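Okay, so here's the structure we're looking at.
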There are 2 protein chains.
Amino acid sequence: MKTQLSKDALIGKLVDVVYDYGYDGTTLSVISEATGLGKASLYHHFPGGKEEMAAAVLAHSDRWGEARIGALLAGGLPAEQKLRGLFQALEEVHTRSHQLTLMNVFTYGAARQVFGAQVRSRVRAGLEVMAGLLHACGIPSPTAEARALDAYIQIEGAMVLARTLDDLEVFRAVVRRLPDALLAPPSGLTIDQLAARR
Amino acid sequence: MKTQLSKDALIGKLVDVVYDYGYDGTTLSVISEATGLGKASLYHHFPGGKEEMAAAVLAHSDRWGEARIGALLAGGLPAEQKLRGLFQALEEVHTRSHQLTLMNVFTYGAARQVFGAQVRSRVRAGLEVMAGLLHACGIPSPTAEARALDAYIQIEGAMVLARTLDDLEVFRAVVRRLPDALLAPPSGLTIDQLAARR
DNA sequence: GTCTATATAGGGATAGAC
DNA sequence: GTCTATCCCTATATAGAC
């Protein structure tokens with residue numbers, strides 16, 4: 001058979017594996033089993049081997065961002081709806097309680113040397129996008145940047161706790177309450193009023 | 001020579017390596033280089049091999065908790081000082097911007113099967129301790145539990161972002177502002193007033 | 001308690017048939 | 001485009017000398 005799996009489907013499997021096992025834990029044997037392809041076939045698609053496969057995972061994340069988030073930002077919605085849509089998109093891609101993130105796959109060990117800088121620049125770009133949205137929602141500039149960083153911290157932390165406690169709800173609750181918390185007027189609601197809004 | 005490195009010092013090296021490389025990335029070669037011991041010597045100290053070495057890292061974390069946190073909790077300080085001391089202890093152990101955490105080493109891939117449940121129970125215990133302290137500080141019970149979970153989320157998330165951005169300050173800022181945020185009266189300060197207190 | 005040497009398995013990677 | 005077979009290297013682990 002020429003093709004059992006489209007390139008996109010192949011990369012999709014790759015993404016799942018990497019986010020389950022981490023970079024070092026993702027062996028060619030694991031990929032082979034997950035995709036149904038032999039090791040040599042994997043090298044046909046990715047001559048650069050494991051490193052190129054990991055790069056494909058990163059590139060997949062980029063494409064997803066450009067498609068899903070880019071379309072959202074380019075659309076005619078008001079800034080607040082864009083921000084809320086962003087968190088909705090986030091909830092859509094994190095569906096398993098275990099499941100790592102870019103930041104928890106590529107920022108330590110062997111992967112850090114190769115991909116650390118790339119991940120950093122993507123995160124920085126993401127922080128700017130979120131701060132920009134908050135600014136467009138009326139949050140003054142220094143506060144907007146601080147809240148964007150806080151948002152990332154809480155998102156990543158929620159994923160870590162969800163994985164550790166094996167409870168996806170931990171992540172969902174945070175993602176759902178964050179938009180209101182971020183959009184609160186600079187001297188508005190108390191943290192508990194915000195928590196009660198969940 | 002009989003002993004170049006005490007068992008405690010040996011485990012200390014082990015801890016550093018595991019928190020730098022993750023479970024899969026921590027190879028015996030890396031450990032050997034970090035400790036100056038040959039592989040066979042490592043097996044003398046840990047007959048169970050890599051798994052026992054990882055278990056020693058977990059046990060080290062337990063001992064640290066019992067010593068550093070246990071003493072704090074057993075002491076005669078008021079609850080608020082105990083809580084603040086807890087965050088101070090946290091800042092003491094996280095000294096490098098890269099550096100993983102228990103939750104980011106043992107909760108995925110091969111390690112998850114072996115150590116996932118242990119880490120989960122330790123985190124649950126930690127959550128109870130923190131909620132108990134908050135309760136003792138006058139935070140009513142459902143709020144205390146929610147804030148304890150939020151604290152863990154922000155701590156872990158801050159470590160992830162600090163590692164990704166290679167900036168330890170990200171972590172430090174969160175750890176320093178958290179005590180005030182957690183101790184705020186249930187309908188007290190706004191989130192920005194809290195942020196301004198950093 | 002540490003070492004050298006070695007056994008065995010699995011990792012990444014390639015050649016070449018189909 | 002996928003496979004089988006194979007290569008080399010590293011990983012974990014052990015035996016036995018010192």
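Chain identifiers are assigned alphabetically (A, B, ...) following the order of the sequence lines, protein sequences preceding nucleic acid strands; residue numbering begins at 1 within each chain. Here the structure is a predicted model, which means the values were calculated and not measured.
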- Item | Distance, rounded to the nearest Å, where Lys50(B) contributes NZ and dT8(C) contributes P | 22 Å
- Item | Atom-pair distance (CD1 on Ile31(A); C1' on dA13(C)), nearest Å | 13 Å
- Query: Is any side-chain nitrogen or oxygen of Tyr43(A) closer than 4.0 Å to OP1 or OP2 of dA13(C)?
  - Reply: yes
- Message: Can you tell me if His44(A) touches the phosphate of dT2(D), counting only side-chain N or O atoms and a distance under 4.0 Å to OP1 or OP2?
- Response: no
- Query: Lys39(B) NZ to dT6(C) C1': how many Å, rounded?
  - Reply: 12 Å
- Query: Taking atom C1' of dA11(D) as reference, at what distance in whole Å does atom OH of Tyr23(B) sit?
  - Reply: 12 Å
- Query: Between dC3(D) and Ser41(A), is there an OP1 or OP2 to side-chain N/O distance shorter than 4.0 Å?
  - Reply: yes
- Salt bridge between Arg63(B) and Glu66(B), side-chain N to carboxylate O under 4.0 Å? no
- Sugar-phosphate only, base, or nothing, as touched by Thr26(B) at under 4.0 Å among non-hydrogen atoms: sugar-phosphate
- Is a side-chain donor or acceptor of Tyr43(B) paired with a backbone partner of Lys39(B) at a separation under 3.5 angstrom? no
- Item | His45(A) side-chain N/O to dT2(D) phosphate OP1/OP2 under 4.0 Å | yes
- Task: Assign Thr27(A) to base, sugar-phosphate, or nothing according to its heavy-atom contacts below 4.0 angstrom with the strands shown.
- Result: sugar-phosphate
- Message: I'd like to know if Arg84(A) and Asp180(A) make a salt bridge, using a cut-off of under 4.0 Å between side-chain N and carboxylate O.
- Response: yes
- Message: If you assign each of Ala40(A) and Ser29(A) to its closest nucleotide in DNA chain C, which residue comes earlier from the 5' end?
- Response: Ser29(A)
- When rounded to whole Å, the CZ to P distance for the pair Phe46(B) and dT2(C) reads 11 Å
- Task: Answer yes when Arg112(A) and Asp166(B) have at least one side-chain N-carboxylate O distance shorter than 4.0 Å, and no when they do not.
- Result: yes
- Message: How many whole angstroms separate atom CG of Asp24(B) from atom P of dT10(D)?
- Response: 18 Å
- Distance, rounded to the nearest Å, where Leu28(B) contributes CG and dC3(C) contributes P: 14 Å
